[in-house]
Amino acid sequence: QVRLVESGGGSVQTGGSLNLSCVASGWTYKASCMGWFRQTPEKEREGIVFIDSEVEDDDGAIYADSVKGRFTISRDNDKDTLYLHMRSLKPDDTAIYYCARGWKLEGISGVCKSPPYKYNYWGQGTQVTVSA
């Protein structure tokens with residue numbers, strides 16, 4: 001059974017930083033798409049960064065314009081953990097942040113951005129609150 005568990009959320013002031021973690025367990029497929037999403041009651045869920053497990057360099061991640069240059073994804077494959085390093089946080093970044101993962105065919109690239117890719121597995125979410 002695949003399980004994703006996020007941690008690291010909290011409250012910060014504008015301009016602050018937070019680092020989120022997502023620990024995966026039970027994953028048995030060789031290739032996957034991994035991503036971070038966020039959602040507020042007022043907005044639709046937003047995919048903010050995606051990465052292909054077959055891309056060795058974290059620089060190969062795809063970022064939404066809303067977080068590009070401020071958020072960075074990284075991975076620890078030995079721990080099967082995905083990280084989201086957030087800096088220069090703004091009140092608009094306030095949301096519940098979710099990590100997600102999905103299966104993909106080995107050797108197929110460029111498919112992890114969502115939409116249209118549909119992620120199968122989701123964590124429970126961690127709240128990030130940025131005050132003015």
Side-chain angles (χ1 to χ4, degrees):
Q1 182 179 358
V2 176
R3 188 170 180 227
L4 304 176
V5 179
E6 302 100 335
S7 62
S11 297
V12 296
Q13 293 185 328
T14 296
S17 300
L18 280 174
N19 296 313
L20 306 184
S21 300
C22 173
V23 179
S25 59
W27 188 264
T28 59
Y29 300 108
K30 289 186 178 180
S32 65
C33 290
M34 297 174 282
W36 285 97
F37 294 75
R38 63 186 182 185
Q39 189 166 21
T40 67
E42 298 80 22
K43 298 179 182 179
E44 291 186 358
R45 185 172 63 196
E46 178 189 16
I48 56 175
V49 59
F50 313 101
I51 194 164
D52 186 329
S53 68
E54 295 185 297
V55 174
E56 293 187 0
D57 190 343
D58 291 340
D59 290 342
I62 301 169
Y63 293 88
D65 289 343
S66 58
V67 304
K68 195 175 295 183
R70 300 186 300 121
F71 291 12
T72 305
I73 196 171
S74 67
R75 297 167 287 182
D76 184 332
N77 292 328
D78 290 339
K79 297 180 180 179
D80 209 353
T81 300
L82 191 68
Y83 301 97
L84 183 65
H85 309 283
M86 307 185 294
R87 60 180 179 86
S88 301
L89 285 162
K90 311 171 185 177
D92 281 350
D93 296 317
T94 295
I96 299 176
Y97 283 70
Y98 300 89
C99 67
R101 197 165 187 174
W103 172 85
K104 77 169 191 74
L105 285 171
E106 292 179 64
I108 303 299
S109 60
V111 298
C112 293
K113 186 177 180 182
S114 178
Y117 180 83
K118 293 184 178 180
Y119 283 78
N120 308 101
Y121 301 98
W122 296 82
Q124 83 287 354
T126 185
Q127 176 71 48
V128 171
T129 302
V130 185
S131 57

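Side chains are part of it too, since the values below use all heavy atoms of this structure and drop only hydrogens, waters and symmetry mates.
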Is there a path from V12 to F71 through hydrophobic residues (I, L, V, M, F, W, Y) whose side chains come within less than 4.5 Å of each other?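 Looking at the clustering, F71 is in the same group as V12.
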Do the side chain of E54 and the main chain of G107 share a donor and acceptor less than 3.5 angstrom apart?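 Pair found, side chain donor or acceptor close to backbone of G107.
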Can you tell me how far OH of Y98 sits from CD of E6, rounded to the nearest 0.5 angstrom?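 Answer rounded to 0.5 Å: 8.0 Å.
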Could you state the interatomic distance from SG (C22) to CZ (R101), rounded to the nearest 0.5 Å?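 So the SG of C22 and the CZ of R101 are separated by 8.0 Å.
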Is there a path of hydrophobic side-chain contacts, each under 4.5 Å between heavy atoms of I/L/V/M/F/W/Y residues, joining F50 to V2?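 Different clusters: V2 never reaches F50 through Ile, Leu, Val, Met, Phe, Trp or Tyr contacts under 4.5 Å.
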Assigning hydrophobic clusters by single linkage (Ile, Leu, Val, Met, Phe, Trp, Tyr; side-chain heavy-atom cutoff under 4.5 Å), is V111 placed with Y121?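 Yes, V111 and Y121 fall within the same hydrophobic cluster.
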Any heavy-atom pair between the side chains of Y83 and T81 that's under 4.5 Å?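 The answer is yes; the side chains approach within 4.5 Å.
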If you define the side chain from C-beta out and look only at heavy atoms, does anything of L20 sit under 4.5 Å from W36?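 L20 vs W36: side chains touch.
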CD of Q13 to OG of S131: how many Å apart, nearest 0.5 Å?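 If we round to the nearest 0.5 Å, Q13:CD and S131:OG are 5.0 Å apart.
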Does a side-chain heavy-atom distance below 4.5 Å link V128 with M86?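 Yes - at least one pair of side-chain heavy atoms lies under 4.5 Å apart.
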N/O donor-acceptor pair under 3.5 Å between R70 side chain and S88 backbone: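 Side chain of R70 to backbone of S88: a pair is present.
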State whether W122 and R45 meet the cation-pi test: NZ (Lys) or CZ (Arg) under 6.0 Å from the six-membered ring centroid, and within 45° of the perpendicular axis.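 Cation-pi check for R45 and W122: passes.
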Quick one: do K68 and D65 make a salt bridge, cutoff under 4.0 Å?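 Salt bridge present between K68 and D65.
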Working to the nearest 0.5 Å, report the span between NZ of K113 and CD1 of I62.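 Nearest 0.5 Å value for the NZ-CD1 distance: 6.5 Å.
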Do other residues, nucleotides or ligands put more than 12 heavy atoms under 6.0 Å from the CD atom of E56?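 No - once you tally the heavy atoms of other residues, nucleotides and ligands closer than 6.0 Å, there are 12 at most.
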Can you find a heavy atom in the side chain of P91 that is under 4.5 Å from one in the side chain of T14?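 Yes - at least one pair of side-chain heavy atoms lies under 4.5 Å apart.
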With a 4.5 Å limit on heavy-atom distance, are the side chains of L4 and V23 in contact?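 When only atoms from C-beta onward are counted, V23 and L4 do not touch, as no gap falls below 4.5 Å.
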According to a hydrophobic-cluster definition based on side-chain heavy atoms being under 4.5 Å apart (Ile, Leu, Val, Met, Phe, Trp, Tyr only), do W27 and I108 belong together?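 Same hydrophobic cluster.
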For residues Y117 and Y119, establish whether the separation of their ring centroids is below 6.0 Å.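 Aromatic pair counts; centres sit under 6.0 Å.
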In the structure I gave you, are the side-chain heavy atoms of M34 and S53 within less than 4.5 Å of one another anywhere?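 Counting from C-beta outward, M34 and S53 do come under 4.5 Å.
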Any idea which heavy atoms bring Y97 and R38 closest together, and the distance?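 That closest heavy-atom pairing would be OH-NH1, 2.9 Å.
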Distance in Å, S66 OG paired with I48 CD1, rounded so as to fall on 0.5 Å steps: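 The distance works out to 7.0 Å.
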Using 0.5 Å steps for rounding, measure from the CG atom of L84 to the OG1 atom of T72.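 Taking CG in L84 and OG1 in T72, the distance rounds to 8.0 Å.
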Assess whether side-chain hydrogen bond (donor to acceptor under 3.5 Å, both in side chains) is satisfied between H85 and S74, documenting all intermediate values. CA-CA 8 Å; H85 309 283; S74 67; 2.7 Å; yes
Working note: S32 + K104, criterion side-chain contact (heavy atoms from CB on, under 4.5 Å); need CA distance, chi angles, decisive distance, verdict. CA-CA 5 Å; S32 65; K104 77 169 191 74; 5.7 Å; no
Return yes if some donor-acceptor pair links the side-chain N/O of T94 with the main-chain N/O of V130 below 3.5 Å, else return no.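 Here the side-chain-to-backbone pair exists.
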For the CD atom on Q124, are there more than 12 heavy atoms of other groups (residues, nucleotides or ligands in this structure) within a distance under 6.0 Å?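 Correct, the count exceeds 12.
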Show your working on salt bridge (charged side-chain N to carboxylate O under 4.0 Å, His left out) between R75 and D80 and close with a plain yes or no. CA-CA 7 Å; R75 297 167 287 182; D80 209 353; over 6 Å; no
Would you name the heavy atoms of Q39 and K43 that are closest together and state the gap between them?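 Residues Q39 and K43, closest heavy atoms: CG-O, 3.7 Å.
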Close side-chain approach of L82 to I73, heavy-atom, < 4.5 Å: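 Touching, per the 4.5 Å side-chain cut-off.
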Can any side-chain N or O of T126 pair as donor or acceptor with the backbone N or O of G9 at less than 3.5 Å?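 Yes, T126 side chain to G9 backbone: donor-acceptor pair under 3.5 Å.
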Say whether L18 and V49 are linked into one hydrophobic cluster, either directly or through other cluster members, by side-chain heavy-atom distances under 4.5 angstrom.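 Linked, L18 and V49 end up in one cluster.
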Could you tell me which non-hydrogen atom of E46 sits nearest to which non-hydrogen atom of A64, and how far apart they are?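 Shortest heavy-atom separation between E46 and A64 comes out as OE2-CB, 4.2 Å.
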